[in-house]
Enquirer: 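Below is a structure I'd like to ask you about.
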Amino acid sequence: MRLTTVYEIADQIAPFALSKEYCAKYGAYDNSGILLDCGEDIKKILFSLDLSSAAVARAKETGANLLVTHHPAVYSPLHALGENEGKNVLQCARAGISVISAHLNLDCAAGGIDECLMYALGGSKEEAVMELISAGGYGRVFSVPVCGIGQFAARAQANLSAKRVFVYGDAPVERVASFCGAGLNEGALAFASEHGADTVVSSDIKHHILAEAAERRLNVIVFTHYAAEDYGFHRFYQKIKEKSGVPCEHFRDERFL
């Protein structure tokens, strides 16, 4: 299978144009698409949230010559390729492993990572979306059956296969605002409060955001960035596996769950 064919399959599931649309509308930056093309037909695909050294090693070990990542393999400008910068990209190039990254398009797509986080938390349909685009969006408020925060967090932790969870607050949970990755900022807190959420869920939360959430009387649940996003990324892998007709494997780095 040609690399461009895999790209087209991914584009059908999470259109790369959504990334450009989101960036233009909300002033964001992204670098999604084919980021390394080694020119060979694709024999096996390895899916990994990050282009980590462990993922590259697993691709070599299993004979995968395409790595599909969520976080862009090249994000900030690379000024050189070597042991100190761009090491994993260089390793892929040397081994003939091409790379496709699907970042903001996959966060925002219908059925994408942000929506899947809602499902993992027990929601079934969003009632409000913070940043809407033509086919999807980012940041969701939804209702769940009322329960204690400990029960809610434990159920979500199990669904996400997460090893770590931090819980702040003790109010019952009934209406949740979730933001995959590191999306809980001042605007997200305002959105959650405006739409009646009692609980916010995200990752990589700074102290001043936690303090403001407490002032707003919001429960806060924090998962690792990896756990909050790999759940939805795994579903992306499953969809491409079904459509591509080539061997596919999902690599999960247990260190970051």
Enquirer: Do Lys25 and Glu21 pass the salt bridge (Lys or Arg N to Asp or Glu O under 4.0 Å) test, and can you show the C-alpha distance, the side-chain angles, and the key distance before you say yes or no?
Expert: CA-CA 6 Å; Lys25 187 171 183 179; Glu21 179 186 349; 5.6 Å; no
Enquirer: Return the set of residues passing side chain to side chain contact (heavy atoms under 4.5 Å, CB included) with Glu174 (not counting sequence neighbours), or none when no residue passes.
Expert: Val146, Asp198
Enquirer: Applying ring pair (Phe, Tyr, Trp, His ring centres under 6.0 Å), can you list everything that pairs with Tyr22, at least two apart in sequence or on another chain?
Expert: Tyr26
Enquirer: Would you say Gln91 and Arg94 make side-chain contact, with heavy atoms under 4.5 Å?
Expert: yes
Enquirer: When you look at Ile97 and Lys60, which way does the side-chain contact (heavy atoms from CB on, under 4.5 Å) test go after all the steps?
Expert: CA-CA 8 Å; Ile97 301 170; Lys60 291 178 180 178; 4.1 Å; yes
Enquirer: For residues 155-165, pull every pair meeting side-chain hydrogen bond (donor to acceptor under 3.5 Å, both in side chains), keeping only residues two or more places apart or in separate chains.
Expert: none
Enquirer: Kindly write out the residues that satisfy ring pair (Phe, Tyr, Trp, His ring centres under 6.0 Å) with Tyr7, not counting sequence neighbours, or none if the list is empty.
Expert: Phe16
Enquirer: List in chain and number order the residues that pass side-chain hydrogen bond (donor to acceptor under 3.5 Å, both in side chains) with Ser52, two or more places apart in sequence or in another chain; answer none if no residue qualifies.
Expert: none
Enquirer: Assess the residue pair Lys87 and Leu90 against the criterion (side-chain contact (heavy atoms from CB on, under 4.5 Å)); give the C-alpha distance rounded to whole Å, side-chain angles, the decisive distance to 0.1 Å, and a yes or no.
Expert: CA-CA 5 Å; Lys87 176 179 68 175; Leu90 179 58; 5.8 Å; no
Enquirer: Is the shortest heavy-atom distance from the side chain of Leu218 to the side chain of Ser193 under 4.5 Å?
Expert: yes
Enquirer: Could you tell me whether the side chain of Asp50 reaches within less than 4.5 Å of the side chain of Asn88, counting heavy atoms only?
Expert: no
Enquirer: Could you give all pairs that pass the ring-ring contact (aromatic ring centres under 6.0 Å, His included) test and reach residues 118-142, with sequence neighbours left out?
Expert: none
Enquirer: Write down the atom of Leu18, the atom of Ala135, and the distance for their closest heavy-atom approach.
Expert: CD1-O, 3.7 Å
Enquirer: Can you list the residues that meet the salt bridge (charged side-chain N to carboxylate O under 4.0 Å, His left out) rule with Glu242, with sequence neighbours excluded?
Expert: none
Enquirer: Please collect all ring-ring contact (aromatic ring centres under 6.0 Å, His included) contacts where either partner lies in residues 149-188, sequence neighbours excluded, each pair once.
Expert: none
Enquirer: Before you tell me yes or no, could you show the steps for Cys180 and Asp107 under side-chain contact (heavy atoms from CB on, under 4.5 Å), namely the whole-Å CA-CA distance, both residues' side-chain angles and the distance that decides it to 0.1 Å?
Expert: CA-CA 8 Å; Cys180 75; Asp107 279 339; 3.5 Å; yes
Enquirer: How would you list, by chain and number, every residue that makes a ring pair (Phe, Tyr, Trp, His ring centres under 6.0 Å) with His250, sequence neighbours excluded?
Expert: His234, Tyr237
Enquirer: Quick check: is Val68 connected to Phe251 through a chain of hydrophobic side chains (ILVMFWY, heavy atoms under 4.5 Å apart)?
Expert: no
Enquirer: Could you check whether any side-chain heavy atom of Ile45 comes within less than 4.5 Å of a side-chain heavy atom of Ile100, counting everything from C-beta outward?
Expert: no
Enquirer: Report yes if some heavy atom in the side chain of Leu67 is under 4.5 Å from a heavy atom in the side chain of Phe47; otherwise report no.
Expert: no
Enquirer: Tell me every residue that passes side-chain hydrogen bond (donor to acceptor under 3.5 Å, both in side chains) with Glu229, counting only those two or more places apart in sequence or in another chain.
Expert: His70, His71, His225
Enquirer: What residues, two or more places apart in sequence or in another chain, satisfy side chain to side chain contact (heavy atoms under 4.5 Å, CB included) together with Ala14?
Expert: Asn105, Leu106, Ala109, Phe236
Enquirer: Is it true that atom NZ of Lys20 has more than 12 heavy atoms of other residues, nucleotides or ligands lying nearer than 6.0 Å?
Expert: no
Enquirer: Partners of Phe191 by ring pair (Phe, Tyr, Trp, His ring centres under 6.0 Å), sequence neighbours excluded?
Expert: His195
Enquirer: Any heavy-atom pair between the side chains of Val141 and Arg175 that's under 4.5 Å?
Expert: yes
Enquirer: Assess the residue pair Val74 and Leu51 against the criterion (side-chain contact (heavy atoms from CB on, under 4.5 Å)); give the C-alpha distance rounded to whole Å, side-chain angles, the decisive distance to 0.1 Å, and a yes or no.
Expert: CA-CA 9 Å; Val74 179; Leu51 189 72; over 6 Å; no
